[in-house]
Amino acid sequence: MNRKKALAAGVAAALALGSVTVVATQSAAAPQPTAASGDSAARPGAGFQAMTADARGEAIRTATRNAAATARALGLGSDERLVAKDVLIDADGARHVRYDRTYRGLSVIGGDLVVHLAKDGTITGSDLAHQGAIRIAGTTPKLTAADASAKAVKHAKHVKHAKAGSKDSSLVVYAVGKIPVLAYRSTVTGEGETGPASREAVILDASSGVPLDQYELHQSITGTGNGVTVGQVSVETTQTGSGYTLTDAAHGGTIVYDSYNSPQSNPRQNARAFSKTTNSWGNGSSSSRESAAVDASYGLAKTWDYYKNSFNRSGIRNDGRGAPAYVHVDTGLLNAFYDDNCFCMSFGDGSSQNSNTPVTAVDVAGHEMSHGVTAATANLNYSGESGGLNEATSDIFGTMVEFSAGNTGDPGDYYIGEKLNMSGGYMRRMDSPAADGRSLSCWNSSAGSVDVHLSSGIGNHFFYLAAEGTGAKTIGGRSHNGTTCNNDTFTGIGKDKAAAVWYRALSTYMTSTTNYAGARTATLQAAADLYGTNSQERYLVSKAWAAVSVGTALPDPGTPTPSPSIPTPSPTTPPSGNALTNGSFEQGTSGWTQSDSIITNSSLQAARDGSWYAWMMGYGADAIESLSQSNVAVPSTGTPKLTFWLRVSTQESGSTAYDTLMVKVNGTALATYSNADASSGYVQKTVDLSAYKGQTVKLEFAGTEDTYLSTIFLVDQITIG
């Protein structure tokens with residue numbers, strides 16, 4: 001994630017807020033901390049104002065009117081358009097506007113962005129899923145839609161006996177990565193984890209047919225339940241002329257329907273609303289079809305209440321509308337899911353594996369409804385590390401809903417699906433994800449290639465540690481043990497504060513392509529917004545990330561500065577033998593200054609060692625990039641030299657240097673590499689630094705790319721010694 005604090009001169013133009021246009025010279029200051037750590041001190045609404053539906057609508061209309069000016073301010077191309085999706089307003093009047101992008105009328109996957117504005121309309125920063133303008137060679141595909149559908153069926157991996165029609169394939173621009181391409185997005189249907197009508201999205205290059213991405217469209221929690229879990233509760237209903245229906249007017253008009261075993265691809269097919277002459281529903285067991293409806297109605301209402309009371313959010317899309325819910329969906333369905341296509345919730349009845357009990361627990365409803373919140377905000381891709389974050393978000397807020405519901409039969413804890421009668425007693429554990437023998441507790445370089453329900457363990461583990469800290473505890477009558485990946489020990493900031501940080505990061509800073517490193521950046525910014533840059537909350541959030549192997553902890557703001565008479569090592573002293581800090585990038589961006597999101601662990605390219613590397617250029621358009629490190633002490637003895645590994649891949653041909661990478665010291669170019677240096681793998685490069693012996697210098701890698709064809713420079717394992 002690249003949060004650009006200041007745009008180029010003249011770019012921070014004033015935008016209209018309502019009917020007034022103003023010009024500003026300063027951005028709003030970040031909110032200051034208001035309380036010490038602890039659940040009760042969390043700021044309501046994660047720092048956002050409450051908005052009526054009319055106010056939100058007007059805010060989105062204002063963002064729409066400003067879309068063209070915003071696109072120009074961000075340097076987007078003339079073929080791009082911004083479509084306003086949502087607006088959040090801070091307590092101090094600052095705005096955060098979320099846009100989707102189109103290119104020549106085509107949807108852009110990975111084109112979403114958030115623009116941050118001060119109260120007076122000045123742009124103070126932006127977060128883009130894809131940095132810079134979108135440029136592709138053209139919008140005429142080599143493949144037909146029918147070709148794309150046929151290839152999508154062959155490449156589908158989440159469904160069997162797949163099928164797709166040409167009407168299920170549409171042209172898009174795929175901008176997940178540095179080089180956008182024209183692509184087809186195909187929807188393939190077949191037998192899968194979510195049943196006989198499971199759906200999978202397959203993204204194919206529209207020229208070559210090569211698969212670019214694929215993921216299940218039903219974002220779901222699949223498991224076994226143990227029947228009606230909420231016990232005797234109050235449910236909101238609506239009185240009709242002669243009776244009652246399970247219509248919850250207090251929560252956006254949410255209606256619970258009996259699907260009558262309609263297929264999960266169309267839960268409305270046979271559906272009828274629950275209605276009766278008395279206002280008493282169910283008998284507490286699955287022998288009554290109403291009992292599952294009570295669970296669903298209660299869980300959805302408690303989820304709505306949690307988001308409203310905690311974040312001033314009115315419903316899934318923050319528009320005051322309730323999503324319809326369908327129980328008794330399909331036959332033998334061990335699943336529940338939210339589907340953004342129908343804006344609806346579906347709950348299965350389970351199967352013989354769980355004595356045919358409905359999958360309608362409170363944390364299930366909270367989990368699935370939170371998928372809708374994610375779709376309406378960051379819209380995290382449902383694959384790779386973004387997919388793990390998507391699932392983790394639902395686990396986090398499903399857990400928070402369970403805590404806030406205060407149901408005596410299902411007290412809050414950090415076990416997911418513990419009421420679903422799983423063979424191991426739960427679906428997932430947030431305090432110790434790896435306890436199930438499959439989920440990841442700690443980040444590693446393969447996190448983006450495992451199932452998203454397993455990589456979600458990294459985010460779950462982070463949240464538990466941020467909320468509760470380390471050590472053994474009993475929570476909700478269940479044993480929890482906050483172990484870490486780095487053997488650290490620390491206290492938590494409380495679950496309410498941790499949730500406020502996550503929600504603000506999700507709704508304000510994350511985009512569809514955010515990975516775990518980006519989530520760390522987003523949550524640290526959110527913690528700074530809510531509690532202050534030098535707050536214990538922000539420090540402990542960094543500790544929790546370090547504890548799951550994502551980045552390093554920040555310095556403790558509460559630790560006194562040592563006396564100057566006491567010799568202390570520099571906090572950025574590099575490993576012995578290397579004058580550089582983090583020369584192999586395995587600590588992410590630590591020690592480096594980058595002009596864009598250059599340091600990465602993207603699986604689209606390979607590191608020379610470990611999983612992190614520097615990816616420079618590769619746009620196929622006019623561009624410049626810079627990666628630098630200052631205050632580097634060149635050794636004063638021997639023959640100091642710079643050594644690094646470089647891999648060059650290019651679409652250019654011949655020996656003419658069209659695209660270049662310069663190595664600079666104190667602004668002087670010492671070596672230049674170009675597209676003419678293309679290689680099949682990494683090649684070690686050495687630059688003599690004898691002229692700078694004993695000096696403190698700035699090292700810079702400066703990339704330049706021309707208008708046509710792309711060249712990628714990958715850099716790793718940089719040393720000065």
Side-chain angles (χ1 to χ4, degrees), residues 79-80 100-112 129-130 134-194 197-219 265 339-341 375 379-387 390 448-452 511-513 515 602-606 615 618-621 649 651 709-710 712:
D79 291 320
E80 298 181 74
D100 284 331
R101 269 198 263 193
T102 64
Y103 179 87
R104 297 186 186 178
L106 300 179
S107 297
V108 179
I109 297 175
D112 54 299
H130 177 86
I134 300 292
R135 296 183 180 91
I136 59 175
T139 56
T140 301
K142 291 184 180 179
L143 297 179
T144 66
D147 291 335
S149 296
K151 289 181 179 295
V153 168
K154 291 182 179 180
H155 288 297
K157 63 182 181 181
H158 296 293
V159 298
K160 300 177 181 178
H161 310 299
K163 59 183 179 180
S166 59
K167 65 179 178 13
D168 298 315
S169 297
S170 57
L171 277 175
V172 297
V173 175
Y174 185 73
V176 180
K178 283 200 170 184
I179 307 175
V181 296
L182 184 67
Y184 276 104
R185 182 186 186 277
S186 302
T187 301
V188 180
T189 304
E191 295 179 8
E193 187 175 286
T194 58
S198 296
R199 296 183 302 136
E200 178 178 348
V202 180
I203 315 297
L204 301 170
D205 187 303
S207 294
S208 65
V210 171
L212 302 172
D213 200 1
Q214 52 204 129
Y215 48 88
E216 294 173 281
L217 288 172
H218 281 160
Q219 299 165 331
S265 59
D339 190 336
D340 206 41
N341 290 319
N379 197 26
L380 289 158
N381 291 337
Y382 204 61
S383 62
E385 291 190 21
S386 300
N390 192 318
S449 61
V450 303
D451 184 274
V452 297
T511 64
S512 59
T513 59
N515 58 14
S602 170
S603 59
L604 296 176
Q605 299 289 345
W615 177 344
Y619 294 100
S649 57
Q651 295 175 343
L709 302 178
S710 71
I712 296 173

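None of these values were measured; they are calculated from a predicted model.
Val188 approaches Ala156 most closely through the heavy-atom pair CG1-CB, 4.1 Å. Contact record, Tyr382 with Tyr215: O-CB, 3.0 Å, taken as the closest heavy-atom pair. Scanning all heavy atoms of the two residues, the minimum distance from Thr513 to Ala129 falls at OG1-O, 3.3 Å. Gly384 approaches Val452 most closely through the heavy-atom pair O-CG1, 4.0 Å. Contact record, Ala145 with Tyr184: N-OH, 3.3 Å, taken as the closest heavy-atom pair. A pairwise comparison of heavy atoms in Ser710 and Ile179 identifies OG-CD1, 3.5 Å as the closest pair.
Thr189 is not listed as a side-chain neighbour of Ser265, based on a closest heavy-atom distance of 4.5 Å or more. By the 4.5 Å heavy-atom criterion applied to side chains, Glu200 and Lys157 are counted as neighbours. The shortest distance between side-chain heavy atoms of Thr139 and Leu171 does not fall below 4.5 Å. The shortest side-chain heavy-atom distance between Lys151 and Leu143 falls under the 4.5 Å cut-off. Side-chain contact check for Val176 versus Asn381: some heavy-atom pair is nearer than 4.5 Å. The shortest distance between side-chain heavy atoms of Val210 and Leu204 does not fall below 4.5 Å. Contact annotation: the side chain of Arg101 approaches that of Ile134 to within less than 4.5 Å [non-hydrogen atoms, C-beta and beyond]. In this structure, the side chains of Tyr103 and Ile136 come closer than 4.5 Å at one or more pairs of heavy atoms.
Judged purely by distance below 3.5 Å, without hydrogens or angles, the side chains of Ser149 and Ser169 pair a donor atom with an acceptor atom. Checking Ser383 against Asp213 by side-chain atom types alone, a donor-acceptor pair falls below 3.5 Å. For Ser512 and Asn379, the side-chain atoms include no donor-acceptor pair closer than 3.5 Å.
Here the OG atom belonging to Ser449 is positioned 9.0 Å from the CD atom belonging to Glu385, to the nearest 0.5 angstrom. Here the NZ-OG distance, from Lys142 to Ser207, works out to 5.0 Å after rounding to the nearest 0.5 Å. Here CG of Leu212 is found 9.0 Å from CD1 of Ile109. Values are rounded to the nearest 0.5 Å. Rounding to the nearest 0.5 angstrom, the gap separating the CZ atom in Arg185 from the CG atom in Leu106 is 14.0 Å.
In terms of modelled atom types and a separation under 3.5 Å, the side chain of Asp147 and the main chain of Thr144 share a donor-acceptor contact. Proximity of a side-chain donor or acceptor of Asp112 to a complementary backbone N or O of Thr511 within less than 3.5 Å is not detected. Side-chain atoms of Gln214 come within 3.5 Å of backbone atoms of His155 as a donor-acceptor pair (strictly under, hydrogens ignored).
For Gln605, the side chain to side chain contact (heavy atoms under 4.5 Å, CB included) partners are Tyr613, Trp615, Ile712, Leu714, not counting sequence neighbours. Residues that satisfy the salt bridge (Lys or Arg N to Asp or Glu O under 4.0 Å) test with Asp100, not counting sequence neighbours, are absent from this structure.
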